[in-house]
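Okay, structure first, notes after.
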Amino acid sequence: MNTLRFTNLPGDGIGPEVMSVTLKVLESLGSSKGFAIETTTHDVGGIGIDNHGSALPDSTLDACKEADAILFGSVGGPKWESLPPKEQPERAALLPIRKAFELFANLRPGNLYPELADLSPLRPSTVSEGIDVLCVREVTGGIYCGQPKNTQLLENGEEEALDTMIYKTGEIERITEIAVKAASLRKKKICSVDKANVLETSVLWRKVVSECVKRLDPSIELTHMYVDNAAMQLVRDPNQFDVIVTENMFGDILSDELAVICGSLGMLASASLGTGVNSLGHPFGLYEPAGGTAPDIAGKNLANPCAQILSAALMLRYSFGMEEEASAIEGAVKQTIRDGFRSGDISNGSESIGTNEMGDAVIERLLT
Ligand code: NAD
């Protein structure tokens, strides 16, 4: 029997609630499709600080290294906000994990089901068919990470600050590879976003993306767009895009724009893929909801578990190569929404159900 080995790191706030529902979903799918789950739970974030004195305890990192993927909840909350910034859960847990596994690619699917179109700030006519766009963002290079980076006092008393935007061919090639792989499971369309009319890095970006797509899969329809236009096109007609691939800073902005036009954080998953492959020969990855720990609703069975469940679907797709099972989970979540089940964040003020009940509704649809 196929066995999925992954670590689950629920973290803080709503993390444990949505994680436990998600593990139930995976176990139910496993029993019906004939695969087993082998997962261990470890502390990360605030609970890591409380129990081990570190947001990323060594035991947690070691367990992640043994696994084929990481299913992550979310970390942080008011209890740890007065710690020095470097020790705060998000920075002290997520950054070192990203570094340890060289997670250079962040995939953020922007999905809005037609039934939830009212949640989008876009005009109903623009989103009546829903939204389905995948943003693939490079996250370890570009202006956020480039050196030198400093602020200095000039002779005339002014201060001058410097950031460096830098990309190498290899960094662009590996993110393009991820985009090509993702597009081949979708509509086979990639839009590469850059600012090649002003930035040297973008000129190289455009050249390398073009060569790489041509080499890897010439059947993919590749277009290029300047980032200012892409920001406009995303709100004008989001579904003109299938996969967007872009560098770090542009991706930071566009993926948040995509999240907001999709309505609720409770529905949005994400994947971070690294340079390493797991024991099955698939990309090692970390899978987590796009939202945070939602302290305002934590511990009350009010959180929407769909973002975490959909993150598990991405884990099956990318780290376990189980496209059919990933699509089955996504289909069950979609059907749950279609059948009218709503957690508070997506109910628009009408009747809603709890975290566990949402999970049960997904499982019921998964098994029918
Ligand atoms: P948040 O995403 O936790 O919450 C913003 C709003 O969205 C809240 O009203 C919350 O109730 C709602 N929300 C988010 N996820 C939801 C879900 N699954 N179901 C229903 N409603 C949901 O953002 P915030 O309030 O800015 O941050 C809270 C804490 O989370 C902070 O400590 C922050 O540092 C941390 N955080 C962690 C991560 C991470 O672990 N990757 C990401 C973002 C924020």
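Just so you know, ligand 1 is whichever comes first in the structure, and atom 1 is the first atom listed for that ligand. Scope of the values below: all heavy atoms of this structure, side chains included, with no hydrogens, waters or symmetry mates.
- Within a 6.0 Å radius of NZ in Lys207, other residues, nucleotides and ligands contribute 12 heavy atoms or fewer.
- Looking at ligand 1, you'll find an N or O of Ala294 within less than 3.5 Å of one of its N or O atoms.
- Applying the 6.0 Å contact sphere to CD of Glu158 captures no more than 12 heavy atoms from other residues, nucleotides or ligands.
- No more than 12 heavy atoms of other residues, nucleotides or ligands sit less than 6.0 Å from atom CD of Glu129.
- The Glu288 neighbourhood of ligand 1 comprises atoms 41 (N), with distances under 4.0 Å to a heavy atom of that residue.
- By the 3.5 Å distance cut-off applied to N or O atoms, Ile14 is not counted among the residues near ligand 1.
- Looking at atom 29 (C) of ligand 1, its nearest protein heavy atom turns out to be Thr293 OG1, 3.1 Å.
- Relative orientation of the Tyr167 and Trp205 rings is perpendicular, given thresholds of 30° and 60° on the angle between their planes.
- In terms of modelled atom types and a separation under 3.5 Å, the side chain of Ser352 and the main chain of Ser343 share no donor-acceptor contact.
- At most 12 heavy atoms of other shown residues, nucleotides or ligands fall within 6.0 angstrom of atom NZ in Lys181.
- Among all non-hydrogen protein atoms, the one lying nearest atom 5 (C) of ligand 1 is Leu265 CD1, 4.1 Å.
- Proximity of atom 21 (N) of ligand 1 to the protein is indicated by at least one non-hydrogen atom lying closer than 4.0 angstrom.
- Which of Gly292, Ala307, Gly77 comes nearest to atom 31 (C) of ligand 1 through a heavy atom is settled by distance: it is Gly77.
- Heavy atoms of Leu94 found under 4.0 angstrom from ligand 1 belong exclusively to the side chain.
- For atom 28 (C) of ligand 1, the nearest non-hydrogen atom of the protein is Pro295 CD, 3.5 Å.
- When only interatomic distances are considered, the shortest N/O to N/O separation between Val75 and ligand 1 falls below 3.5 Å.
- With a 6.0 Å radius and a threshold of 12 heavy atoms from other residues, nucleotides or ligands, Gln240 has its CD atom above the threshold.
- If you number the atoms of ligand 1 from 1 as listed, the ones under 4.0 Å from a heavy atom of Gly266 come out as 17 (C), 18 (N).
- Nearest to atom 11 (O) of ligand 1 by heavy-atom distance, out of Leu268, Ile346, Asp296, is Asp296.
- Of the N or O atoms in Asn304, one or more lie within a sub-3.5 Å distance of an N or O in ligand 1.
- Among protein heavy atoms, the minimum distance from atom 34 (O) of ligand 1 is reached at Glu90 OE1, 2.6 Å.
- Of all atoms in ligand 1, numbered sequentially from 1 with element shown, those under 4.0 Å from a heavy atom of Ile297 are 11 (O), 20 (C), 21 (N).
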